[in-house]
Amino acid sequence: QVDLLESGGGSVHAGGSLRLSCEVSEHLYNRYCMAWYRQGPYTREAIAAIDSDGRVRYADSAKGRFTISRSDDQNTFYLQMDSLKPEDTATYFCARAKLLCADYSPAYYREFEFIYWGRGTQVNVTS
């Protein structure tokens, strides 16, 4: 069992920044894909991902504003969010798959491949 714990959410004004963190309890598999999902009022979408090979992927909604990264020991993953907009308001989850990230936009990732999920952290962006 792998536990994921998100932190760093909060309330900011439009144009502000937040840095989300996701702590991983253990590495059961050498290969993985870590993704940040967000759940809005209508949909849940993957917006950024990084895998064990260090490759990163971004959905169009995150390109140019969000940056995914990880600690050197790969126990913590981050999502730096800049130039936040009210439409970024959502609950943000980190999720882990046992495969490398697919080589296309995270917006098309299949949720069922992500078998470990955190409980989420809320981000509110006010105008």
Determine, stepwise, if the pair D51 / R31 fulfils side-chain contact (heavy atoms from CB on, under 4.5 Å).
-> CA-CA 7 Å; D51 64 21; R31 289 191 169 188; over 6 Å; no
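- The ring-ring contact (aromatic ring centres under 6.0 Å, His included) check on Y104 picks up Y109, with sequence neighbours excluded.
- Taking both residues in full, the closest heavy atoms of Y32 and I50 are given as CE1-O, 4.1 Å, listed atom of the first, atom of the second, then distance.
- When all heavy atoms are compared, the tightest approach of F66 to L79 is CB-CD1, 4.1 Å.
- Within the 3.5 Å criterion, the main-chain N or O of E23 finds no donor-acceptor partner in the side chain of T76.
- The six-membered or imidazole ring of F93 lies away from that of Y116, with a centre-to-centre distance of 6.0 Å or more.
- The two residues V12 and L84 make their nearest non-hydrogen contact at CG2-CD1, 3.6 Å.
- Of all non-hydrogen atoms in A95 and Y37, the two that sit nearest each other are CB-CD1, 4.1 Å.
- Between D73 and S71, the shortest heavy-atom contact is OD1-OG, 2.6 Å.
- Chaining together hydrophobic side chains whose heavy atoms lie under 4.5 Å apart leaves F112 on its own.
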Before giving the answer on salt bridge (Lys or Arg N to Asp or Glu O under 4.0 Å), spell out for K63 and D60 the whole-Å C-alpha distance, their side-chain angles and the decisive distance to 0.1 Å.
-> CA-CA 5 Å; K63 283 181 182 177; D60 287 346; 3.5 Å; yes
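- Listed for the T121 side chain is a donor-acceptor partner under 3.5 Å among the backbone atoms of G9.
- Panel note: side chain E6, backbone R119; a donor-acceptor pair is recorded below 3.5 Å.
- Here the OG-CG distance, from S21 to L4, works out to 13.0 Å after rounding to the nearest 0.5 Å.
- Cation-pi geometry between R38 and Y92 is not met: the NZ or CZ atom fails to fall both under 6.0 Å from the ring centre and inside 45° of the normal.
- Shown here for R70 and D53, the closest heavy-atom pair between the two residues is NH2-C, 4.4 Å.
- Considering only heavy atoms from C-beta on, V123 comes within 4.5 Å of L20 through its side chain.
- M34 CE to F114 CZ: the interatomic distance, rounded to the nearest 0.5 Å, is 9.0 Å.
- Residues V24 and R96 are in side-chain contact: their nearest non-hydrogen atoms beyond the backbone lie under 4.5 Å apart.
- With a 6.0 Å cutoff to the six-membered ring centre and a 45° limit on the axis angle, R44 does not count as a cation-pi contact of W36.
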side-chain contact (heavy atoms from CB on, under 4.5 Å) evaluation trace for R55 with L100 = CA-CA 9 Å; R55 300 180 304 177; L100 294 177; 3.7 Å; yes
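- R65 places a side-chain N or O within 3.5 Å of a backbone atom of S83 that can act as its donor or acceptor partner.
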Residue pair I68, F77: steps toward the side-chain contact (heavy atoms from CB on, under 4.5 Å) verdict = CA-CA 7 Å; I68 190 170; F77 294 79; 5.7 Å; no
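- Between the side chains of T91 and Q122, at least one donor-acceptor pair of N or O atoms lies under 3.5 Å.
- Pairs passing the disulfide (SG to SG under 2.5 Å) check and including a residue from residues 60-116, sequence neighbours excluded, read C22-C94, C33-C101.
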Stepwise side-chain contact (heavy atoms from CB on, under 4.5 Å) test for E45 and S61 | CA-CA 10 Å; E45 62 170 344; S61 58; 3.8 Å; yes
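- With contacts defined as side-chain heavy-atom distances shorter than 4.5 Å, the pair H13/V125 does not qualify.
- A chain of hydrophobic side-chain contacts below 4.5 Å, direct or via other Ile, Leu, Val, Met, Phe, Trp or Tyr residues, connects V56 to I47.
- Defined by atom type and a distance below 3.5 Å, a donor-acceptor pair is present between the side-chain atoms of D82 and S17.
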